[in-house]
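All chains are named by letter (A, B, ...) in the order of the sequence lines, taking the proteins before the strands, and each is independently numbered beginning at 1. These figures come from a predicted structure and were not determined experimentally.
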4 protein chains.
Amino acid sequence: MSGTDSKRERILAAALDIFSTQGFANATVQEIAGRAKVGKGTVYTYFPAKEDILTYLLDEGLAHMGQHIGNRIRTVKGSATKLQAILREQLRYFHEHQSLCRLLAREAWGHDYASDSLAQRIRSSYIGMLQEVIEKGIKEGELRALDSETVATALYGMTSIVALYAKDLSCEKALERIEMTLQELFFGGITLSPATMQEA
Amino acid sequence: MSGTDSKRERILAAALDIFSTQGFANATVQEIAGRAKVGKGTVYTYFPAKEDILTYLLDEGLAHMGQHIGNRIRTVKGSATKLQAILREQLRYFHEHQSLCRLLAREAWGHDYASDSLAQRIRSSYIGMLQEVIEKGIKEGELRALDSETVATALYGMTSIVALYAKDLSCEKALERIEMTLQELFFGGITLSPATMQEA
Amino acid sequence: MSGTDSKRERILAAALDIFSTQGFANATVQEIAGRAKVGKGTVYTYFPAKEDILTYLLDEGLAHMGQHIGNRIRTVKGSATKLQAILREQLRYFHEHQSLCRLLAREAWGHDYASDSLAQRIRSSYIGMLQEVIEKGIKEGELRALDSETVATALYGMTSIVALYAKDLSCEKALERIEMTLQELFFGGITLSPATMQEA
Amino acid sequence: MSGTDSKRERILAAALDIFSTQGFANATVQEIAGRAKVGKGTVYTYFPAKEDILTYLLDEGLAHMGQHIGNRIRTVKGSATKLQAILREQLRYFHEHQSLCRLLAREAWGHDYASDSLAQRIRSSYIGMLQEVIEKGIKEGELRALDSETVATALYGMTSIVALYAKDLSCEKALERIEMTLQELFFGGITLSPATMQEA
DNA sequence: CATGAATGAGGCTTCATTCAT
DNA sequence: AATGAATGAAGCCTCATTCAT
């Protein structure tokens, strides 16, 4: 689990670190190479251009996130329960991968003219999945008949922004509390429903 | 509000346009000056540096948004109703000021090393306000006792991301439908509560 | 005649010097700027790219040479006499513009893939002119009926290579002697004529 | 002439191809190795540096050309006839070795500061030979008493430039016609000598 | 005030060369 | 002997900023 620490991996890790903190445009290849402990030229042995590192990180990150969360919820039955699991896993994932989360937030909106492609891809590849779960839940009568696309986007926005802002409260306790709050909010709403309220 | 519509305003408008579409780092002062129909040197008559235009836009934008929404909800009574108004106004504001919204999303996360300041400022100046309203609502028994900071952040995240992703669905109809969905979700939750639920 | 020593002219002069001695590829923009006494960036105010300086020099040089020689021979009557004048002027021109001559010799053969364009242009714009004069001379019975294109090219090759190799013998005397030799050779041939001469 | 056709020869052939079409400076060792079907490192087993390949090619080429032409004219008697043979063989050689011809044209004029050496070497090793033949011819009364150095250089310039420009007319027919033209021109001159002249 | 020509620091990228295998 | 991964020096070009007009 540590032998694959090849140069390529080191470059990617370094780039992720730097891109996510300083932004793609402010990062220099020199710095990436330095942190990865390789020569500047070596970066170009593995990636044709600086931009390609970013593209790779975003693609890979998105795919990894999708797979990771997908795996975690595969066995969960019931749409509501599944959504619950998704919210939890997504929040955790973003929390554990702050860098990716920051990268997605920062660079999603077109770093190269006409490349809203990333936003598009997030929508299609990830939000699309959420939407399906929600629609299934609605059809099966487990969830309210709200516009699924909007709800899915809202869920994504909620968790990502909260995860980003929660970076200060990085102790585990806080995360659990935050998750509970979001679950309550997302499933039950903020209103104090006169009678009862639904469970987590 | 009188005659200062000239150069300074034009520069700011041009910069907002360009920063929000291409990102701060990819924008050139040349291009800003060009779109503002002023000479490149003139930009420096009004702003000490390129970065200061961004700073000003973010500060101003944040303040304007706060004031705008503040004005709209001042007369609204009741915490829940107030929150409802906030959600509506926020969504509309972001929708009408896509550029600012994109700018906040893009540049919030530290465009210069020490400046998580922006995220901080958003939190303190805007999310703080939301938080207060929510806490008041909880105290007054109108809202559920959830962690107010998390809820406020979630509300902010929800609306901003939805507004950003909704740029395609830019017809008014869509916006109303989206707002309704978010209201339902935020106040009532996604779960199909057996009992009741409130309308927008 | 000295006031037009603008930055642009200085850059061109510097580039011509350097390109012709070191070759285009070995020249650095830094060095050009240095010799032109301008900042490195200034070069790019006047030319979009290093390559464009070369292109401009070659185009301009070719045009200038054509005009210069054209002017000198305009009033000369008779094809043979005209050719004589051309040979003289061309040799002198190359001798006085060694740099351009070297540039033409060095960079004519495709410095950018597929751009035999320069060789083509030399052929069409300059050698073409020679060819016409020769053909006219043949038609009028002043010159022998040889293949005009080959003769024109040979004339061009003769003068340019001799001018290049003659750079050591740069005293005026030598040049006159060289010219005379070429005139004799080109018009009369190397064979000791009246009496005998051999067949091909 | 036996088994050494392998790597070293392949590298030289590849380099000649590439240098002559793209120029020395634009060629990469990578590309040379690729075309020679050897590893990049292997090139350095045979040559200390990229530049040395060029040097070798030029030296070798010059020597080979000298020998080749030398062989062909060894048995020819009479200075004029010998010169005739030289012109023919030189033209043919350049035509068949376009690559070398281009290389000589491109890189002769100082690819490295102190190396007018190549031009010098061409002059001494090759043009020198022509000069001797011419001088002998003059002494023996077969040729006109023109400046032999200039004539030799002119002959060299004539044939090389014509050969280069003739690359389009690469059919054998054309070559013969070109050769004949040059022979007529060089030996008889362009002037229509009132008395006699030879036919095509 | 307004302007844009001038500048040079700084970034991305290429590529000759080395060296461990 | 043969290889190609690794490297960093070096070059082209961009662009924020200045300043003389």
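Rounded to a whole Å, the CD1 atom of B/Ile53 is 11 Å from the C1' atom of F/dA16. Look at CD on B/Glu31: it is 14 Å from P on F/dT14, rounded to the nearest Å. Spacing between atom CZ of A/Phe24 and atom P of E/dC12 amounts to 8 Å, rounded to whole angstrom units. The distance between atom CZ of C/Phe47 and atom C1' of F/dC12, rounded to the nearest whole Å, is 16 Å. Residue A/Gln30 contributes atom CD, which lies 13 Å from atom P of E/dT13 at whole-angstrom precision. Remark: P of E/dA16 and CD of D/Glu51 are 12 Å apart, rounded to the nearest angstrom. As a whole-Å value, the separation of A/Asn26 CG from F/dT14 P is 19 Å. When the P atom of F/dA16 is taken as reference, atom OH of C/Tyr44 falls 17 Å away, rounded to whole Å.
Listed by first and then second residue, the side chain to side chain donor-acceptor pair (under 3.5 Å) pairs involving residues 36-46 of chain C amount to none (not counting sequence neighbours).
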Task: Footprint string (nucleotides 1-8 of chain E, 5' to 3'): B base within contact, S backbone only, - free, heavy atoms under 4.0 Å - done: -SBBBBBB
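Of all heavy-atom pairs between C/Phe19 and C/Arg106, the closest is O-CD, 4.0 Å. B/Gln22 and B/Glu31 get closest at one heavy-atom pair: NE2-OE2, 3.0 Å.
Taking C/Ser125 as the reference, C/Leu62 meet the side-chain contact (heavy atoms from CB on, under 4.5 Å) condition, with sequence neighbours excluded. Judged as a side-chain contact (heavy atoms from CB on, under 4.5 Å), and not counting sequence neighbours, the contacts of B/Ala25 are A/Ala25. Looking at residues two or more places apart in sequence or on another chain, you find a side-chain contact (heavy atoms from CB on, under 4.5 Å) between A/Leu100 and A/Tyr93, A/His97, A/Leu104. Not counting sequence neighbours, the partners of A/Ala36 by the side-chain contact (heavy atoms from CB on, under 4.5 Å) test are A/Arg10, A/Ile11, A/Ala14, A/Val38. Residues meeting the side-chain hydrogen bond (donor to acceptor under 3.5 Å, both in side chains) test with A/Asp17, sequence neighbours left out: A/Arg35.
Across all strands shown, A/Ala49 has heavy atoms under 4.0 Å from sugar-phosphate atoms exclusively, and none from any base. Here D/Ala27 lies in heavy-atom contact (under 4.0 Å) with sugar-phosphate atoms only.
The distance from the CE atom of D/Met65 to the SG atom of D/Cys101 is 8.5 Å, given to the nearest 0.5 Å.
For B/Val29, whose side chain is taken as the heavy atoms from C-beta onward, the closest listed nucleotide among E/dC12, F/dA16, F/dG11 is F/dA16.
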Task: Dot-bracket summary - DNA chain F, pairs being Watson-Crick or G-U whose distances fall under 3.5 Å, with | when paired to another strand - done: .||||||||||||||||||||
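Along DNA chain E, the nucleotide nearest to A/Ala25 and the one nearest to D/Ala25 differ in position, and the one closer to the 5' end is contacted by A/Ala25.
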